[in-house]
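Below is one structure, written out as structure tokens; the observations come after it.
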Protein chains: 2
Amino acid sequence: MTDRADESGRAAEVDEVIVALADPTRRRILDVIAAHGEATATTLAAELPVSRQAVVKHLAVLDRSGLVQGRRQGREVLYAVRPDRLDATARWMAGLAAKWEARLAGIKRLAER
Amino acid sequence: MTDRADESGRAAEVDEVIVALADPTRRRILDVIAAHGEATATTLAAELPVSRQAVVKHLAVLDRSGLVQGRRQGREVLYAVRPDRLDATARWMAGLAAKWEARLAGIKRLAER
DNA sequence: GTGATGTGCAACCATGAGGTAGCACGTCAA
DNA sequence: TTGACGTGCTACCTCATGGTTGCACATCAC
């Protein structure tokens with residue numbers, strides 16, 4: 001029962017989140033940040049099998065998608081995880097699944113008549 | 001409160017679904033299939049701005065991820081959409097968002113003391 | 001001030017993924 | 001049987017993306 005204009009409006013954000021989540025390194029980065037509460041690019045690079053620069057690039061993607069937010073503290077930038085976009089994407093996805101199920105149920109009913 | 005072994009077990013499937021959904025052409029293919037109930041690679045190619053071969057490749061990815069299933073009927077292969085994996089991924093994502101929220105709430109509590 | 005540490009930026013490399021074209025093979029209809 | 005149509009496979013091209021290195025700049029501790 002979600003309205004159609006709202007869906008298309010969210011499409012861009014949802015797309016960014018999904019693309020951001022599609023990369024395994026990015027998922028590990030999110031895991032580490034979530035585990036630590038906050039983390040810097042340097043910290044993350046120390047814990048992952050990639051260079052700091054790679055982490056920085058991934059953080060940029062995650063920041064653009066809204067999955068993460070950085071706050072500057074002196075010379076370092078602390079990144080924290082943001083659940084809202086992730087939650088919105090989960091709801092979008094659940095809605096799509098529900099729509100598919102409804103469509104399939106309708107087709108099955110037609111086929112049985 | 002989801003158990004850890006279950007999560008890692010689903011990680012591969014969830015990953016495949018997310019990667020499959022990350023491509024915009026693939027999302028359009030899913031939309032068209034869902035709208036028609038069933039569709040062949042040739043039908044889809046006629047409705048989308050890509051060649052049949054491209055559609056075939058995308059369908060292979062979607063099939064591997066479980067988002068779609070094909071059934072052969074004579075010389076043509078009809079693809080239909082499958083909601084279960086999508087639904088499972090939505091739930092996984094919602095669970096992750098909840099975990100993030102819980103973690104953030106815990107950190108905030110600590111910070112306020 | 002000076003060294004150490006962390007970030008920011010640019011150039012560069014390599015590989016995988018999306019896309020195309022071409023052809024061989026099965027299947028339906030006349 | 002023969003032509004039309006749909007699929008399956010292979011080879012090939014291009015470009016975005018994940019990754020690296022190197023260096024300049026800011027900031028903290030001593």
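Everything numeric here is computed off the predicted structure, so don't read it as measured data. Lettering follows sequence order; numbering is per chain, from 1.
At a threshold of 4.0 Å, the pair B:R91-B:D87 counts as salt-bridged, since one of the basic side-chain nitrogens sits closer than that to a carboxylate oxygen. The existence of a salt bridge linking B:E13 and B:R85 is confirmed by a sub-4.0 Å separation between a basic side-chain nitrogen and an acidic carboxylate oxygen.
Residues A:L21 and A:R26 are not in side-chain contact: their nearest non-hydrogen atoms beyond the backbone lie 4.5 Å or more apart. Side-chain atoms of A:T43 and A:E76, non-hydrogen and from C-beta on, never get closer than 4.5 Å to each other. The side-chain heavy atoms of B:M93 and B:I18, taken from C-beta on, include a pair separated by under 4.5 Å.
To the nearest 0.5 Å, atoms CG (A:D63) and CD (A:Q69) are separated by 7.0 Å.
Using a distance-only test at 3.5 Å, with no hydrogens or angles considered, no donor-acceptor pair links the side chain of B:R28 to the main chain of B:L30.
Atom CG of B:L59 and atom C1' of C:dG18 are 14 Å apart (whole Å). If you measure from atom OH of A:Y79 to atom C1' of C:dG8, you get 10 Å, rounded to the nearest angstrom. Rounding to whole angstrom units, CZ of residue A:R75 and C1' of D:dT27 are separated by 6 Å.
Criterion: ILVMFWY side-chain heavy atoms under 4.5 Å apart, direct or through other members. Under it, B:V50 and B:Y79 are part of a common hydrophobic cluster. Under a hydrophobic clustering in which Ile, Leu, Val, Met, Phe, Trp and Tyr are joined whenever their side-chain heavy atoms come within less than 4.5 Å, directly or via other members, B:L86 and A:V19 fall into different clusters.
Within residues 60-67 of chain A, no residue has a heavy atom under 4.0 Å from DNA chain C. Scanning residues 17-28 of chain A for heavy-atom distances under 4.0 Å to DNA chain C yields an empty list.
With the nearest nucleotide of DNA chain D identified for both A:Q73 and B:K57, B:K57 has the one nearer the 5' end.
For A:Q53, whose side chain is taken as the heavy atoms from C-beta onward, the closest listed nucleotide among C:dT27, C:dG22, C:dG8 is C:dG8. Listed nucleotides: D:dT20, C:dG19, C:dG22. Nearest to the side chain of B:R52: C:dG22.
Dashed line: the shortest gap from a side-chain N or O of A:H58 to OP1 or OP2 of D:dG19 is under 4.0 Å. Applying the 4.0 Å criterion to OP1 and OP2 of C:dG19, one finds that B:S51 has every side-chain N and O outside that range.
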